[in-house]
Amino acid sequence: MSQKIPYITKEKAEQIAQKYPTPFYLYDEAGIRNRARLVNKAFAWNKGFKEYFAVKATPNPYILQILKEEGCGADCSSLTELQMSHAAGLTGRDVMFSSNETPAEDMQLAKKMGAIINLDDLTHVEFLEQVAGIPETICCRFNPGGHFAIANSIMDNPGDSKYGMTREQMVQAYKMLMQKGAKHFGIHAFLASNTVTNAYYPELARQLFTLAVELKEETGADITFINLSGGVGISYHPEQAENDILAIGEGVRKVFEEVLVPAGMGNVSLFTEMGRFMLAPFGALVTRAIHEKHIYKEYIGVDACAANLMRPAMYGSYHHITVLGKENAELSHVYDVVGGLCENNDKFAIDRKLPEIEKGDLLFIHDAGAHGFSMGYNYNGKLRSAELLLQENGEVKMIRRAEEPKDYFATFDFSEEFPELKTY
Ligand SMILES: *Cc1c(COP(=O)(O)O)cnc(C)c1O
């Protein structure tokens, strides 16, 4: 049971808002570092363990730098994610490149950086050879098809997912890659998203470890690492139990000793590519109530919108909300908390029990640290907010400025026809 306590007080939030107007994202450095240390502790039994943070979850070079200091690498899937990781000092073996439908120039940059390239498809063997050449160390992404189930309950549907290779293709890809000079191999799979059970990684590990033993037998390939990828979730609801990463690490260790060690593969390194589990609880969207409206329902209008945090609109996701300064007040009202997009799904909360909200109140939207800012967009001409870091010493540092109208108009800078747009 988590309580969802904001990592700032109302006073602190007001103080921050004087310098950086709402809405803004605020990340908790201490929380991020502690989480990274806990993950490393959970897998410390594995000699080569490394967490490659999924950059798409929170693409900010300051965040990547913090994670680098804690021993993490970066998992990239596009040109700009590679460029950002490189800028943050992450390159070579500190980068996994797990992309799909990959453009040639992305492959070329990944190869040039010495990143570990994870091939999503059999046809990418020849594609990579043509555009960049085959590296000595290479990874292939597996898709077992069918359903992914834990104890008979279906968690996800890999058979419907566009990623990865079939088992036969994995064998074929390994054989082709060996012929073309690859020497060391990895296996990768991402089979279920936002799992809130300690059983996901161990079950995935069992499937991948078993496959690794078979692939080694069938192809003679030297398998040096297995990447369990992302998918470890967090509890967005305060009532929901949290994953216990120490128990997860222990569960994976048991399977490792059961499957890989007897096969003489006890030297295999484990990698993860978590995004959500690493960052989601340690980022919040802070927004101010600017309107109230009483029609058939009670509405609180805030200065953030779905363009700042898309998950509720896109997936119907629950994000817990704390009204700062009213942490202990009675939940006496039922509100829809809404943003200003001309889209009726622009609602951060629907029929939510909250304390009475007055105009000017600051709302702390929890668990927005991953797949939050990064999914932002500019619909209705809405601008992206600033990203701020609450440092361990309690000081706040801007790690991305808020967009201004000039940013929104920047892609017209080729044109001389609307000179007014250059004045913003
Ligand atoms: C999105 C993604 C991740 C991270 O997923 P989370 O659910 O945030 O842990 C990891 N690897 C790949 C290839 C991804 O696409």
Side-chain angles (χ1 to χ4, degrees), residues 27 32 35-36 38-39 42-43 50-60 63-64 67 72-82 84-85 90 94-102 106-107 110 115-121 124 138-144 148 155-158 160-165 186-198 200-201 204-205 208 225-236 242-243 245 248-249 252 270-283 309-311 314-315 317 319 367-375:
Y27 300 95
I32 296 169
R35 178 56 55 104
L38 194 64
V39 166
F43 290 93
K50 196 171 183 75
E51 150 69 8
Y52 291 84
F53 176 67
V55 174
K56 73 164 190 266
T58 323
N60 187 302
I63 301 285
L64 298 185
L67 290 168
C72 302
D75 158 38
C76 300
S77 64
S78 67
L79 186 83
T80 49
E81 287 180 359
L82 286 167
M84 184 183 285
S85 298
L90 291 163
D94 285 344
V95 176
M96 275 293 309
F97 185 58
S98 294
S99 64
N100 65 96
E101 319 315 329
T102 316
D106 298 26
M107 277 297 194
I116 303 172
I117 295 174
N118 181 22
L119 296 180
D120 183 65
D121 187 54
H124 288 199
I138 188 102
C139 185
C140 293
R141 184 166 183 168
F142 176 52
N143 182 335
F148 184 85
M155 306 216 47
D156 221 318
N157 197 356
D160 268 352
S161 114
K162 66 174 180 172
Y163 306 108
M165 308 186 200
I187 302 175
H188 170 286
F190 188 157
L191 302 186
S193 205
N194 193 24
T195 58
V196 188
T197 157
N198 294 339
Y200 171 63
Y201 261 3
L204 172 67
L208 296 189
F225 66 90
I226 293 170
N227 187 333
L228 300 176
S229 186
V232 176
I234 63 143
S235 51
Y236 286 92
E242 290 279 3
N243 278 328
I245 196 70
I248 291 173
V252 174
L270 289 186
F271 298 163
T272 55
E273 285 175 348
M274 292 182 278
R276 194 186 313 272
F277 188 75
M278 301 302 290
L279 249 297
F282 313 112
L309 175 64
M310 190 191 210
R311 299 186 70 260
M314 187 170 180
Y315 309 117
S317 314
H319 277 265
D367 299 321
H371 312 294
F373 181 94
S374 62
M375 292 176 83

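Just so you know, ligand 1 is whichever comes first in the structure, and atom 1 is the first atom listed for that ligand. Keep in mind that this is a model prediction, so the values were computed, not measured.
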At under 4.0 Å between heavy atoms, is it the side chain or the backbone of [X] that contacts ligand 1, or both, or neither?
X    : value
N194 : neither
F190 : side chain
A57  : neither

Applying salt bridge (charged side-chain N to carboxylate O under 4.0 Å, His left out), run through D120 and K162 and close with a yes or a no. CA-CA 9 Å; D120 183 65; K162 66 174 180 172; over 6 Å; no

Have H371 and R311 got a donor and an acceptor in their side chains that come within less than 3.5 Å? no

H188-N118 side chain donor-acceptor pair, cut-off 3.5 Å: yes

To atom 12 (C) of ligand 1, the nearest of E273, M278, H371 on a heavy-atom basis is E273

Looking at ligand 1, does G231 have a heavy atom less than 4.0 Å from it? yes

For the residue pair Y200 and F148, categorise the inter-ring angle as parallel (less than 30°), tilted (30 to 60°) or perpendicular (more than 60°). perpendicular

For G275, take its heavy atoms, then give the atoms of ligand 1 lying under 4.0 Å from any of them.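 Ligand 1 atoms under the 4.0 Å threshold to G275: 4 (C), 6 (P), 8 (O), 9 (O).
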
At less than 4.0 angstrom from any non-hydrogen atom of A54, what atoms of ligand 1 do you find?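 Here the atoms of ligand 1 in question are 3 (C), 4 (C), 10 (C).
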
Could you tell me whether R141 sits above the aromatic face of F190, with NZ or CZ closer than 6.0 angstrom to the six-membered ring centre and within 45 degrees of the axis? no

For F277, does the six-membered ring have the charged nitrogen or CZ of R35 within the cation-pi criterion, i.e. under 6.0 angstrom from the centroid and within 45° of the normal?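 R35 over F277 ring: yes.
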
Under 3.5 Å, N or O to N or O, is [X] touching ligand 1 that way?
X    : value
S193 : no
M274 : no
R141 : no
K56  : yes

Short side-chain to backbone donor-acceptor contact, T58 and G369, under 3.5 Å: yes

Salt-bridge present (K50, D94; N to O < 4.0 Å):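 Salt bridge flag = yes for D94 with K50.
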
